[in-house]
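Heads up: numbering here begins at 1 and tracks the sequence.
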Amino acid sequence: MSNDRHVPVMLQRCLDMLAPALERPGAVVVDCTLGLGGHSEALLQRFPEVRLVALDRDKEALRLSGERLAPYGERATLVHAVYDELPEVLDRLGIPKVDGVLFDLGVSSMQLDEADRGFAYAQDAPLDMRMDQTTGISAAEVLNTYPAGELVRILRAYGEEKQAKRIVSAVVREREKEPFTNSARLVELIRDSLPQAAKRTGGNPAKRTFQALRIEVNRELDSVEKAIPAAVKALAVGGRVAVLSYQSLEDRIVKQVFAAGAATTAPPGLPVVPEKYQPRLQLLTRGAELPTEEEVAENRRAAPARLRGAQRIREDVL
Ligand SMILES: C[S@@+](CC[C@H](N)C(=O)[O-])C[C@H]1O[C@@H](n2cnc3c(N)ncnc32)[C@H](O)[C@@H]1O
């Protein structure tokens, strides 16, 4: 087990970013990606009056964090849900508006460390990769059943894999002989199907394919696309949202949603911009903020992190 297993990414910066919103009386914060509860616990500690609602789609994460956050009693409400269900969750809890929302996207260190979940390419394990093991299809099913063209699209779009065609033709050839069940066979196949030059370009050559399968299995980008606007909508005026993403496609979605919220929607040429066209959001980050070199040196999983934040400055005008 690596010693960076439980270290929450860009923690201090996330807390500082949310602070002006969470220091208000009666503040509610939603942690949309509870994981092992590192950020959530820090939120409860730093803001002693705050009420936390925390979501995760992974029941094992909820069980472990439930134990960790038990000392905070009723201040913490943990919910098994995907984060695009945020509006329904808040509705059920009778919470009309919230003051802060945090997303720490991607896969948790626990999911990566538990070999039998099939996220890691370094150990042989069943090709599962579902964050919620009670529903959905596994990575093996994607690999064994998707048409070749669809697999190429996924590897290119979600893995930024330049050798997608080569890998997919090898997959299709091999799956006809015998369906894939385990990660080691896929890792070996990828290694064998790549030209020498591609094998030398940084890290394990299976990394991009594994990332792509994981994003497809968990429909991660669809979820992010729905969830970030829903989070913005749930914010009270003055409320803040902070999003940590770990790959460029996710970060691009966050950037676009925030930029759209921070722009006026007025048709060009109006001498005065009426209230209904005024921006709903103010950006709290210029571009994306990165972890410091010190943090990356201590926690290599922080390396790809990109943090963006925004503040709600106006109600929706109906
Ligand atoms: C990077 S981890 C969060 C780590 C956490 N911040 C901590 O300090 O321990 C991301 C978590 O988000 C969860 N997750 C990913 N996609 C989700 C979704 N669509 N809905 C709810 N939870 C999701 C994963 O199961 C995982 O536990």
Is there a continuous path of hydrophobic side-chain contacts, each under 4.5 Å between heavy atoms, that joins Phe103 to Leu11? no

Tell me every residue that passes salt bridge (Lys or Arg N to Asp or Glu O under 4.0 Å) with Arg75, counting only those two or more places apart in sequence or in another chain. none

Does Arg185 reach the main-chain N or O of Pro179 with its side chain, forming a donor-acceptor pair under 3.5 Å? yes

Could you tabulate the donor-acceptor pairs under 3.5 Å formed by side-chain atoms of residues 224-240, not counting sequence neighbours?
residue : atom : partner : partner atom : Å
Arg240  : NE   : Gln311  : OE1          : 2.9
Arg240  : NH1  : Met17   : O            : 2.7
Arg240  : NH2  : Gln311  : OE1          : 2.9

Euclidean distance, Lys165 NZ relative to Ile167 CD1, rounded to 0.5 Å: 13.5 Å

Could you walk me through whether Arg13 and Glu289 satisfy the salt bridge (Lys or Arg N to Asp or Glu O under 4.0 Å) test, starting with their C-alpha distance in whole Å, then the side-chain angles of each, then the deciding distance to 0.1 Å, before giving a yes or no? CA-CA 9 Å; Arg13 185 63 193 114; Glu289 285 184 17; 2.5 Å; yes

Partner set under ring pair (Phe, Tyr, Trp, His ring centres under 6.0 Å) for Phe210, not counting sequence neighbours: Tyr121

So which atom in Glu160 and which in Ser248 form the shortest heavy-atom distance, rounded to 0.1 Å? OE2-OG, 2.8 Å

Pairwise distance CE(Met129) to CG(Asn218) - rounded to 0.5 angstrom: 9.5 Å

Ser193 side chain to Gln163 side chain, donor-acceptor N/O pair below 3.5 angstrom: no

ring-ring contact (aromatic ring centres under 6.0 Å, His included): which pairs involve residues 140-175, sequence neighbours left out? none

Would Val171 and Asn144 count as a side-chain contact (heavy atoms from CB on, under 4.5 Å) if you check the C-alpha gap in whole Å, the side-chain angles of each, and the deciding distance to 0.1 Å? CA-CA 8 Å; Val171 164; Asn144 292 327; over 6 Å; no

Same apolar cluster: Val9 and Leu15, side chain cutoff 4.5 Å: no

Same hydrophobic cluster for Met131 and Leu221, using side-chain heavy-atom links shorter than 4.5 Å among ILVMFWY? yes

How about Ser138 and Asp128: does a side-chain donor come under 3.5 Å of a side-chain acceptor? no

Please round to the nearest 0.5 Å and tell me the distance separating atom CD of Gln278 and atom CZ of Arg314. 4.5 Å

Residue pair Val142 / Leu127, side-chain heavy-atom distance below 4.5 Å: no

Given the rule that I, L, V, M, F, W and Y join up when any side-chain heavy atoms are under 4.5 Å apart, are Leu155 and Ile137 in one cluster? yes

Kindly write out the residues that satisfy salt bridge (Lys or Arg N to Asp or Glu O under 4.0 Å) with Arg24, not counting sequence neighbours, or none if the list is empty. Asp99

In this structure, are over 12 heavy atoms from other groups packed under 6.0 Å from Lys162 atom NZ? no

Qualifying residues under salt bridge (Lys or Arg N to Asp or Glu O under 4.0 Å), relative to Arg173, sequence neighbours excluded: none

Reported NZ-to-CG distance for the pair Lys59 and Leu64, which is rounded to 0.5 angstrom: 14.0 Å

State whether the number of non-hydrogen atoms from other residues, nucleotides or ligands found under 6.0 Å of Glu49 atom CD is greater than 12. no

For Glu295, check salt bridge (Lys or Arg N to Asp or Glu O under 4.0 Å) against everything at least two apart and list the hits. none

Chi angles and distances behind the side-chain contact (heavy atoms from CB on, under 4.5 Å) call for Val7, Glu298: CA-CA 9 Å; Val7 183; Glu298 279 168 24; over 6 Å; no

Is the shortest heavy-atom distance from the side chain of Thr181 to the side chain of Pro126 under 4.5 Å? no

Is there a donor-acceptor contact under 3.5 Å from the side chain of Ser65 to the main chain of Gly35? yes

Check: Thr33 main-chain N/O paired with Asp56 side-chain donor or acceptor under 3.5 Å: no

Check the pair Arg46 / Asp16 against salt bridge (Lys or Arg N to Asp or Glu O under 4.0 Å), numbers first and verdict last. CA-CA 10 Å; Arg46 162 102 178 246; Asp16 290 345; 2.9 Å; yes

If you look at every heavy atom in Ala206 and Val187, which pair is closest and at what distance? CB-CG2, 4.1 Å

Residues clustering with Val272 (ILVMFWY side chains joined when closer than 4.5 Å, directly or via others): none

Can you list the steps and then say if Phe180 with Arg175 is a side-chain contact (heavy atoms from CB on, under 4.5 Å)? CA-CA 6 Å; Phe180 285 88; Arg175 77 184 183 187; 3.9 Å; yes

When every non-hydrogen atom of Ala157 is compared with those of Leu249, the smallest separation belongs to O-CD1, 2.6 Å

Is the shortest heavy-atom distance from the side chain of Arg214 to the side chain of Phe119 under 4.5 Å? yes

Between Arg191 (side chain only) and Leu186 (backbone N and O only), is there a donor and an acceptor less than 3.5 Å apart? no

Strictly by salt bridge (Lys or Arg N to Asp or Glu O under 4.0 Å), give each pair with a member in residues 242-265 just once, sequence neighbours left out. Asp251-Arg308

CD of Glu188 to CD1 of Ile190: how many Å apart, nearest 0.5 Å? 11.0 Å

Is Leu43 reachable from Leu105 through a run of hydrophobic residues whose side-chain heavy atoms are each under 4.5 Å from the next? no

Atom CZ of Arg63 and atom CG of Asp58: how far apart are they, to the nearest 0.5 Å? 10.5 Å

Quick one, Ile313 and Arg280 - any side-chain contact, counting heavy atoms below 4.5 Å? no

All N/O donor-acceptor pairs, side-chain side in residues 258-266, below 3.5 Å, sequence neighbours left out:
none

Measuring only between side-chain heavy atoms, which start at C-beta, is Leu307 closer than 4.5 Å to Cys14? yes

Quiz: residues 77-86 side-chain donor-acceptor pairs under 3.5 angstrom, not counting sequence neighbours:
residue : atom : partner : partner atom : Å
Thr77   : OG1  : Arg51   : NH2          : 3.2
His80   : NE2  : Arg57   : O            : 2.9
His80   : NE2  : Asp132  : OD2          : 3.4
Asp84   : OD1  : Ser223  : OG           : 3.1
Glu85   : OE1  : Val82   : N            : 3.3

Summary of ring-ring contact (aromatic ring centres under 6.0 Å, His included) pairs that have at least one residue in residues 20-78, sequence neighbours excluded: none

Are any of the side-chain heavy atoms of Leu55 and Leu34 separated by less than 4.5 Å? no

